[in-house]
Amino acid sequence: MYRIQLRTIALGLLAVAMLAAGCGGGSSSSGGGSSVRLVAYSTPADAYAELIKAFGQTSAGKGVSFSQSYGPSGSQSRAVDAGQPADFVHFALEPDVKRLVDDGKVSSSWDQNQYKGVLVDSVVSFVVRKGNPKGIHTWDDLLKPGIEVITPNPFTSGGARWNIMAAYGAQLKEGKTPAQAVQYLYQLFKHVPVQDGSASDALTTFTNGKGDVLLSYENEAIRAQQGGASVDYVIPDQTIKIETVAAVTKTAPPAAKKFLQYLYTPAAQKIWADNGYRPVVPGVTGKYQFPTPPQLFTIDDLGGWDKVMTDFFDPSKGIMAKVEQSIGVSTSS
Amino acid sequence: MSQPAASAPRVRSLNPAAALPGLAAGTAVLYLSLVVLLPLAALVWQAQAGGWDGFLHAIRAPDVQAALKLSISVALIVVVVNSVFGTILAWVLVRDDFPGKSAVNAVVDLPFALPTIVVGVILLLLYGPSSPIGIDVAYTRKGIVLALMFETLPFVVRSVQPVLLELDREMEQAAASLGAAPLTVFRRIVLPNLLPAILSGGALAFAKALGEYGSVVLISGNVPFSTQVVPVLIRGRIESDDQAGAAAISLVLLGLALLILLGISLLQRWGTRHDR
């Protein structure tokens, strides 16, 4: 009998110890108001390093400390949704904020500012080899015989969905019917030999020498050039405006709201511009030229994300699921 | 195989766990539950969220079928290759003496230590489009096999090695003295003794190869129906907010691994009975 009791006590203690260890991470979250937990998609990490430093030199940002987490947009959004503590979020596409709104983590009025919640813009561009040896300038050029196009798999990379919508919308802008534009996607994906899991994997693939064109955000192309990659980029006449969105969570401290406000100031938007992002605040310029393509369109022109997600990216019934299936049939035979 | 532990007299006082019967077992079960069983239960729970129909629908999707076929076939290839070369490697490490042997022995474990994503990057640099040695297998099924060969190499080596060390060499000498050629000795004496170890190492390698993500994701190209392996497809389901589907497909992988492990243990039981 004595032994059994001892065993029970030991097991109980062990369980308590484990539970305590498990809870440790969560309970430390109730810190002071001057700390902001930033959760964002991968690419803005460099920009945020500068922005946080600059924010710290303003009166609103004095003494505010930051914890930062970067990763693929969808994964980050899902993590916050599942309980990762976050005060300030910045995602590559609106549905990732929508997910948090639907679950009550972000107020539904998050996009009620002058910029509709959009923090910075970019455009879908063609990244090509230095000097553009294959002479790629238009969407039709991508379908020329032998041209290899690299774009991430739109099902594993949420951010890559911008590329698909750019290709589709560009066809509409060229005067084609929706059916013809879908047909273009079928043709395009015959030219895609590699569908990486994420945008950064795709960039690795391209800089390692695979492919003639990489579909990518303009700011990523600029960043690759900054990093010394031997690439140029072309902005096609018809392309989509990528709108990356930021919000604060419902439980965010005032410092997080002030940070969001700060990011819309001309000074902060200039830092964004210097990092290759297109500022949303008019009149801000940086070290890069951001020519506006003659036929720029937005996701709203295509019906908005809600519609596009069901029509194109439903894993079983979406247009892209059928496109993927069609190339599978042609490659596996 | 000899099992000296079973016939040894029991000496209770030497066994520290005997002082507190059940404590060791209790701790083990609790630990196993927290670390392994609960997550597995959660996976099953998640997978049945869509009901039996949803489960079937999820795993019958054409891209899932294609990915499963690919993952299983590359895993089988990898297991066969690594069973052969892993056994040779173990043989060399146990039976031969050469300078630098302990270094080679240590290298065998490196695939376990390297982060899988780093393996992917390195293999891509070495066997990709800008390969310094002129071999470009990236974005093909060969590339997947290559990555998995690297990742699963230690399993067979490490399971064969101890058995080979324990193997009674007098049997081989007796066979040789009776006129058996070296190859016959290997085939009739050594191989039957090693087979259970090769099989169990191979089974672990198979399970690992089925679920491997990091080293494959960069080199495979991920083209659905062509070079997309199951774990990458599962990531796609998660990114498309289809968690039940992702769990359902994972469950198939889990089932396959369990089936293989079960099969191997049956084979081993049969193998040891065959011995006596």
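Just so we're clear, the structure is a prediction, and the values are computed from it rather than from any experiment. Residue numbers begin at 1 in each chain, while the letters A, B, ... track the order of the sequences.
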Between A:G197, A:G318, A:S198, A:P154, the one whose heavy-atom pairs under 4.5 Å with chain B are most numerous: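 Heavy-atom pairs under 4.5 Å are most numerous for A:G197.
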Selection from A:V192, A:V194, A:N153 maximising heavy-atom pairs under 4.5 Å formed with chain B: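 The answer is A:V194.
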Contacts with chain A made by residues 143-156 of chain B (heavy-atom distance under 4.5 Å), listed by residue number: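 Listed by number, there are no contacting residues, so the answer is none.
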Neighbourhood of chain A inside residues 110-125 of chain B, taking heavy atoms under 4.5 Å as contact: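 At a heavy-atom separation under 4.5 Å, chain A is reached by B:L124, B:L125.
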Atom [atom1] in [X], atom [atom2] in [Y]: separation rounded to 0.5 Å?
| X | Y | atom1 | atom2 | answer |
| --- | --- | --- | --- | --- |
| B:R237 | A:F155 | CZ | CZ | 8.0 Å |
| A:Q325 | B:F225 | CD | CZ | 4.0 Å |
| B:I219 | A:D196 | CD1 | CG | 11.5 Å |

Evaluation steps, side chain to side chain contact (heavy atoms under 4.5 Å, CB included), between B:E239 and A:S75: CA-CA 7 Å; B:E239 285 291 317; A:S75 308; 3.2 Å; yes
Side chain, backbone, both or neither of A:S73 within contact of chain B (heavy atoms, under 4.5 Å):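 Neither part; nothing is under 4.5 Å.
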B:D241, part contacting chain A, at a heavy-atom distance under 4.5 Å: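 Both parts, backbone and side chain.
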Interchain contact, B:I238 with chain A, by part (heavy-atom threshold 4.5 Å):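 Looking at B:I238, backbone and side chain both touch chain A.
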B:S240 side chain near A:M320 side chain, heavy-atom distance below 4.5 Å: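 Not in contact.
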Atom of A:P193, atom of B:V223 and distance for their closest heavy-atom approach: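 In this case the closest contact between A:P193 and B:V223 is O-CG2, 3.2 Å.
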Enclosure of A:K130 NZ (heavy-atom neighbours >12, cutoff 6.0 Å):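 Enclosed.
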B:F85 atom CZ: more than 12 heavy-atom contacts under 6.0 Å: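 Check fails, neighbour count at 12 or below.
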Trace of the side chain to side chain contact (heavy atoms under 4.5 Å, CB included) decision for A:T156 with B:N222: CA-CA 10 Å; A:T156 47; B:N222 304 332; 5.8 Å; no
